[in-house]
Amino acid sequence: LGGIIPQVTGRAYAEHIKSNVLERLHMDHSHSSLPEAKSDGLAQGHQLWFRRPNARSTYPFVNSFLPSMTLMLSSEDMARFLMATLTNRSIANEPVLSDEAAVTFYQPLEKAYLDEFTGEYAFGSLITKLHGRKVIFCQGGYNSFRAYVFIMPEAHVGFVIMMNMNTGYSDQGLTTISRNVLSYLAEGTLTPTPADPEYYIWLALPLCVLLIEAIRIIIAIITMKRWKRVAPAQTKKARRLMLSLLLPLLFDLVVIFAFLYLLPHSLGIPLSTMMFVQPDLTIFVYVICTVFTAFALIRTVWGTRLLLR
């Protein structure tokens, strides 16, 4: 839409959305500009550092992201959006969509998966069934903010969950809260949810890697000092070069590749974005890669000089 709307209407995306959506639905506290949102009382965003929320002083804002994630709305405006979606009328009782458009707007198009919910994709939303009822779900987040929107058209009810923090760990909490609210609306029951150990597993992994690397550094230093005192026999140099230098170097490269590529890929976000949503884990990634790279270079150069002297 970010490319189609300007081509069709000749107007910027933000201008078109403001006049054709926000103003028509009387969403007076919704903004596409960060300075406007701040002047209208934008909430303080936070990052999670080792499960401790820390206020953010800056919010990197990219205008090109607006069609997908950077429209800033108040909770009151989100409620007005839900009312318009359920009734097809604004709070001023004005029609929003034609009858045909209202039917096709949430027409399922193809199978999709979104934040642990499986269903069918339709115009930016996920159509699924929970507790035997049709549920329309969409979510969005950027920097230090996150929102989940759920609509149960058959029950004529909807709700939104908004958080002024956006991390991979908060998504798990929002999903749990959402499922409990849906369960309560559909069946009047709540499901006790045990604490999720995944956060500690993700932090334990880099700590274990750093501990293993510390042990490898101690062993390498002891080995190098022994080589310095007693030079290996010529017949053993080639084998020692392979076992003591090349294999550890290969291990270092595998670990670096795993943390720089495989870890972000498994989380579904690039490493550059991880710093915004999971800064504590990202710092561990940078520290591990720096330590492994520096030690690999020092050990390889030092060991090669001792073996080839």
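In this structure, T87 and H156 have side chains that are in contact, with non-hydrogen atoms separated by less than 4.5 Å. F81 places none of its side-chain heavy atoms less than 4.5 Å from the side chain of V160. Using a 4.5 Å cut-off on side-chain heavy atoms (C-beta onward), M165 and S144 make no contact. Looking only at side-chain heavy atoms (C-beta outward), L34 and M72 come within less than 4.5 Å of each other. Residues D252 and R216 are in side-chain contact: their nearest non-hydrogen atoms beyond the backbone lie under 4.5 Å apart. Looking at C289 and L260, their side chains come closer than 4.5 Å, going by heavy atoms from C-beta outward. Between L281 and P206 there is a side-chain heavy-atom pair separated by less than 4.5 Å. Side-chain contact between V255 and E213 is absent, with no heavy-atom pair separated by less than 4.5 Å.
The hydrophobic cluster containing F295 does not contain L249, counting ILVMFWY residues as joined when their side-chain heavy atoms lie under 4.5 angstrom apart, directly or transitively. Cluster membership check: Y286 shares its hydrophobic cluster with L207, using side-chain heavy-atom separations under 4.5 Å among Ile, Leu, Val, Met, Phe, Trp and Tyr. By the criterion of side-chain heavy atoms lying less than 4.5 angstrom apart, applied directly or through intervening Ile, Leu, Val, Met, Phe, Trp or Tyr residues, L297 is not grouped with L210; the two fall into different hydrophobic clusters. Transitive grouping of hydrophobic side chains (ILVMFWY, heavy atoms separated by less than 4.5 Å) brings I177 and M163 into a common cluster. Residues V291 and I288 share a hydrophobic cluster, clusters being chains of Ile/Leu/Val/Met/Phe/Trp/Tyr side chains in contact below 4.5 Å.
Using cut-offs of 30° and 60° for the angle between ring planes, the F150 and Y148 rings count as tilted.
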Steps toward side-chain hydrogen bond (donor to acceptor under 3.5 Å, both in side chains) verdict (H29, D40): CA-CA 7 Å; H29 299 286; D40 196 24; 2.9 Å; yes
Salt bridge (Lys or Arg N to Asp or Glu O under 4.0 Å) assessment of E15 paired with K18: CA-CA 5 Å; E15 182 183 351; K18 181 177 181 179; over 6 Å; no
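In this structure, the side chain of S39 engages the main chain of E36 through a donor-acceptor pair within 3.5 Å. Between the side chain of N164 and the backbone N or O of A43, no donor-acceptor pair lies under 3.5 Å. Distance alone, capped at 3.5 Å, is enough to place a donor-acceptor pair between the R24 side chain and the V96 backbone.
More than 12 heavy atoms of other shown residues, nucleotides or ligands fall within 6.0 angstrom of atom NE2 in H26.
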